[in-house]
Amino acid sequence: MPVVARQKTLGTFFTMPPGAKAPPPQQSNLHEMWRKRSSKPKDASTGENAAQDVDLAGRTEGKPRRRKQRTTSSPVGASSPPVSQDDDRTEPGPSTTGGRAKRRRIIDSDDEGEPLPSAMPTDEPIEEEEEFLISDTEEGSAAITNAQLAMSKTVDVDVDGGWKVGESIPYAALTHVFGMIEATSKRLEITALLTSFLLLVIKRSKEGDTDSLRQAVYLCINRLCPDYKGLELGIGESLLQKAIAESTGRKLEAIKADLKEVGDLGLVAINSKNSQRTLFKPKPLTVSFVFTQLTEIAMTSGNASQNKKIQIVTKLLAACKATSQEAKYIIRSLEGKLRIGLAERTLIVSLAHAIVLSENEKGGNKWNKETLAQKLEEGANIVKSVYSELPSYDHVIPALLRGGIQGLRADCKLSPGIPLKPMLAKPTKAIGEVLDRFEGKRFTCEYKYDGERAQVHKTEGGELSVFSRNSEDMSAKYPDIFEQLPKAIKDGTTTFVLDCEAVAIDRTTMRLLPFQELSRRKRKDVKVEDIKVWVCLFAFDLLYLNGEPLLHRSLVDRRELLRKHFAEVTGGVHVAKASDGETTDEIQAFLEESVKDGCEGLMVKMLDTDASFYEPSRRSINWLKLKKDYLNGVGDSFDLVVVGGYHGKGKRTAVYGAFLLACYDPDKEILKTHAETLKDLEVAKCRADVDTGGAKPDVWFEPKIVWEVLAADLSLSPIYSAAKGLVEARGISLRFPRFIRMRDDKNADDATGPEQIAEMYQRQSLANKGGKKSKIEDDFW
DNA sequence: CCGGACTGCACC
DNA sequence: GTTCGGT
DNA sequence: ACCGAACGTGCAGTCCGG
Ligand SMILES: Nc1ncnc2c1ncn2[C@@H]1O[C@H](COP(=O)(O)O)[C@@H](O)[C@H]1O
């Protein structure tokens with residue numbers, strides 16, 4: 001069926017102005033200028049960074065903070081490439097060992113006590129090979145080869161003699177493995193380490209015990225349950241600082257200072273540990289206990305809940321062995337970032353490998369090398385695939401322990417009511433790139449709507465749910481969807497899973513609204529009668545229908561089923577606008593049309609063959625996205641002055657993590673920034689103090705360096721003040737800013753001015769309002 | 001009891 | 001959402 | 001090609017002072 005749209009009445013779908021999109025987005029990153037200690041700037045290549053925006057005035061004072069690196073900021077680098085620091089050793093700090101030790105473990109002290117074989121205490125870099133033992137060393141050499149790693153040869157990961165079958169897993173055993181994982185950046189090695197640990201867990205679990213493995217797995221990926229259940233810790237950096245202060249008897253201020261220096265609360269916890277240690281030996285922590293306590297923290301809410309949470313954390317910290325890294329990982333788990341270079345994807349592979357290896361052992365290790373290698377790979381693929389269809393360890397782990405890899409598929413299937421992993425898209429720099437990749441294949445281009453992903457399910461019981469891109473249950477946010485969708489469900493359509501984009505719409509003009517409008521909607525307990533900004537659903541895929549998964553059907557088929565089983569509800573539910581045109585000109589024209597209609601660009605998808613199946617696990621990125629700002633020299637770019645900097649965290653400790661950029665207002669002879677920060681206030685109020693608030697960068701710079709920055713869009717911001725008053729009371733900020741290059745040839749007063757920014761904002765806004773309205777074709781379906 | 005500050009969670 | 005660095 | 005880690009804002013829950 002023709003997808004083409006024809007004009008129709010109300011349809012304007014296009015949206016609106018884009019104007020604003022989200023808040024100033026995040027900035028991207030930047031790069032920092034150099035690292036600290038190095039006397040020599042190694043420089044590197046490009047850096048990048050991002051921009052935020054900023055404020056006004058020209059006055060900038062720089063704060064003296066860390067002079068160390070700051071020195072640099074300037075010019076030097078400038079002239080040369082911006083530097084990225086890469087050296088890895090960029091270590092942070094001063095003396096501290098700060099940031100994560102990268103390649104080799106620097107681990108320090110804390111670990112020393114451990115009986116690890118290799119243990120050497122000092123900071124000496126340790127070669128990895130010495131760090132652990134290969135248990136079955138057959139090859140003469142002790143070195144771990146990639147081939148061995150790829151096969152997940154097991155490695156000795158026990159500490160303190162390990163634990164016995166049926167006993168609870170010591171938490172120290174887990175954190176010991178975390179430490180080993182953190183000490184390397186080699187993926188194969190990480191996989192092997194984790195596999196070895198999980199295999200131990202499996203072998204030492206009693207028959208029928210699925211909790212041990214399940215809890216260990218959850219702690220490894222730092223979660224408590226599937227995301228759609230919505231259980232959250234409700235604790236973060238600040239509460240943790242209080243807890244650390246409380247448990248060590250140190251002052252909150254001291255903790256904060258350490259954090260700034262070291263960039264990682266986990267390390268702060270470990271380093272501050274001794275001051276107040278009680279003498280009696282606490283009972284050692286177990287994986288199960290830690291998991292239970294974390295869950296407890298997550299479940300406490302309401303009055304005085306923060307104190308209760310802090311108490312639990314304090315209790316956990318007190319139970320950590322002083323010589324271990326337990327405290328570090330307890331804290332990082334609570335912060336939600338383990339930062340050991342291990343995340344879900346790697347865990348899935350390790351889990352699959354551990355299961356396969358345990359099956360092999362049960363069978364008497366009969367598989368030869370080749371067979372084993374092949375079973376490992378196949379196992380990983382099966383687990384990945386099954387997990388992507390039913391992303392719940394609560395289901396998958398018991399099933400694996402029960403029926404092994406072979407039984408998994410039958411046991412765990414896509415089922416409405418439980419979100420599946422979404423297909424993702426990869427950026428494309430030119431239309432030519434799209435053609436290259438899809439050469440000779442049939443493909444389609446669809447509008448890339450600017451809203452939020454909405455995976456809509458209808459279960460057998462008739463219940464509707466909406467899940468986000470990250471599998472969170474958003475049902476409470478969209479009563480409007482529940483009101484409209486039933487009208488779109490044709491007779492005979494019982495159960496289904498739709499993949500859609502939910503976009504804000506103005507129901508009187510039928511125009512699509514910018515993402516920013518959607519993001520400002522209420523999120524919880526929304527009642528239809530209170531809704532001011534309505535949502536329109538644009539369906540682009542159908543993953544399940546009437547009891548049958550469609551994941552292994554071609555996109556053409558799925559799309560046809562979608563059109564056949566659903567009907568359009570004007571302004572409420574539509575199918576994504578598509579064009580199957582395949583020439584550069586057609587694509588180019590459709591891209592422009594999409595932008596005019598208020599979309600971000602296009603999504604390009606293969607139509608036939610198994611390459612068009614909905615299998616997020618096969619290739620994490622299967623679709624292509626084409627946006628104007630990706631195209632060379634096409635997006636809106638700005639030349640802005642760097643006026644402020646924010647200290648980076650984690651890996652970026654000791655370097656700037658973000659920058660505040662300003663545009664230049666010649667009339668006022670001052671820099672008007674995108675951000676209204678302190679400075680802005682200061683000016684208004686005279687030079688009062690600076691501590692107002694959050695928008696304040698950690699450091700101010702002399703306005704001198706100019707960077708060219710590219711943005712996807714402009715948005716209105718309550719914080720930043722660039723071009724404030726020219727378009728609206730709010731200032732304008734950039735969406736998805738990224739550093740393009742240094743403009744050595746420009747001075748602060750050559751920077752982009754507020755009127756230019758205001759003009760661009762108007763232009764983008766107009767683009768959508770203007771034209772004819774696009775319409776929604778009803779008979780399309 | 002109210003409103004602001006502060007923090008965490010969710011998304012692009 | 002974008003980008004980078006490491007494998 | 002993949003994975004993990006940096007990066008930012010707006011709503012909502014809790015705390016806290018008036
Ligand atoms: N027609 C479409 N097909 C697929 N995704 C779309 C479409 N329109 C909008 N999107 C959104 O675009 C997102 C992918 O783009 P990005 O997040 O930039 O990689 C998806 O998560 C969807 O929410």
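As a basis for the values below, the full set of heavy atoms in this structure was taken, side chains included, without hydrogen atoms, waters or symmetry mates. Proteins come first, then strands; the chains are lettered A, B, ... in the order of their sequence lines, and each starts at number 1. Since this is a predicted model, take the numbers as computed values, not measurements.
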Could you list all N or O pairs between the protein and nucleotides 1-3 of chain D that sit under 3.5 Å apart?
residue: dC3(D); atom: OP1; partner: Arg345(A); partner atom: NE; Å: 3.4
residue: dC3(D); atom: OP2; partner: Arg345(A); partner atom: NE; Å: 3.0
residue: dC3(D); atom: OP2; partner: Arg345(A); partner atom: NH1; Å: 3.3
residue: dC3(D); atom: O3'; partner: Thr346(A); partner atom: OG1; Å: 3.3

Could you run down the sub-3.5 Å N/O contacts of the protein with nucleotides 13-15 of chain D?
residue: dT14(D); atom: OP1; partner: Gly302(A); partner atom: N; Å: 2.4
residue: dC15(D); atom: OP1; partner: Ala304(A); partner atom: N; Å: 2.9
residue: dC15(D); atom: OP1; partner: Ser305(A); partner atom: N; Å: 3.0
residue: dC15(D); atom: OP1; partner: Gln306(A); partner atom: N; Å: 3.2
residue: dC15(D); atom: OP2; partner: Ala304(A); partner atom: N; Å: 2.8

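Taking side-chain N and O atoms only, Arg738(A) has a distance below 4.0 Å to OP1 or OP2 of dT3(C). Between Tyr630(A) and dT2(C), a side-chain N or O to OP1/OP2 separation shorter than 4.0 Å is present. Distances shown here put a side-chain N or O of Asn470(A) below 4.0 Å from the OP1 or OP2 atom of dC11(B).
Nucleic acid contact for Lys242(A): none, since no nucleic acid atom lies under 4.0 Å from a heavy atom of the residue. Residue-level contact check: Lys309(A) touches neither bases nor backbone, having no heavy atom under 4.0 Å from any strand. Within 4.0 Å of Leu518(A), counting heavy atoms only, lies no atom of the nucleic acid at all. Across all strands shown, Lys448(A) has heavy atoms under 4.0 Å from sugar-phosphate atoms exclusively, and none from any base.
In this structure, the side chain to side chain donor-acceptor pair (under 3.5 Å) partners of Ser637(A), at least two apart in sequence or on a different chain, are Glu708(A). Here Arg618(A) pairs with Glu615(A) under the salt bridge (Lys or Arg N to Asp or Glu O under 4.0 Å) rule; sequence neighbours left out. In this structure, the side chain to side chain contact (heavy atoms under 4.5 Å, CB included) partners of Thr428(A), at least two apart in sequence or on a different chain, are Glu433(A), Val434(A), Leu624(A), Leu626(A).
For Arg332(A) and Glu182(A), the salt-bridge test passes: some basic side-chain N is under 4.0 Å from an acidic carboxylate O.
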Distance-only criterion, 3.5 Å: show the donor-acceptor pairs between side-chain atoms of residues 226-236 of chain A and protein atoms not counting sequence neighbours.
residue: Asp227(A); atom: OD2; partner: Arg223(A); partner atom: NH1; Å: 2.8

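The closest donor-acceptor contact from the side chain of Ser388(A) to the backbone of Ser385(A) lies under 3.5 Å.
Between Arg339(A) atom CZ and dG4(D) atom C1' the separation is 11 Å, expressed in whole Å. Rounded to whole Å, the distance from NZ on Lys337(A) to P on dA6(D) is 5 Å.
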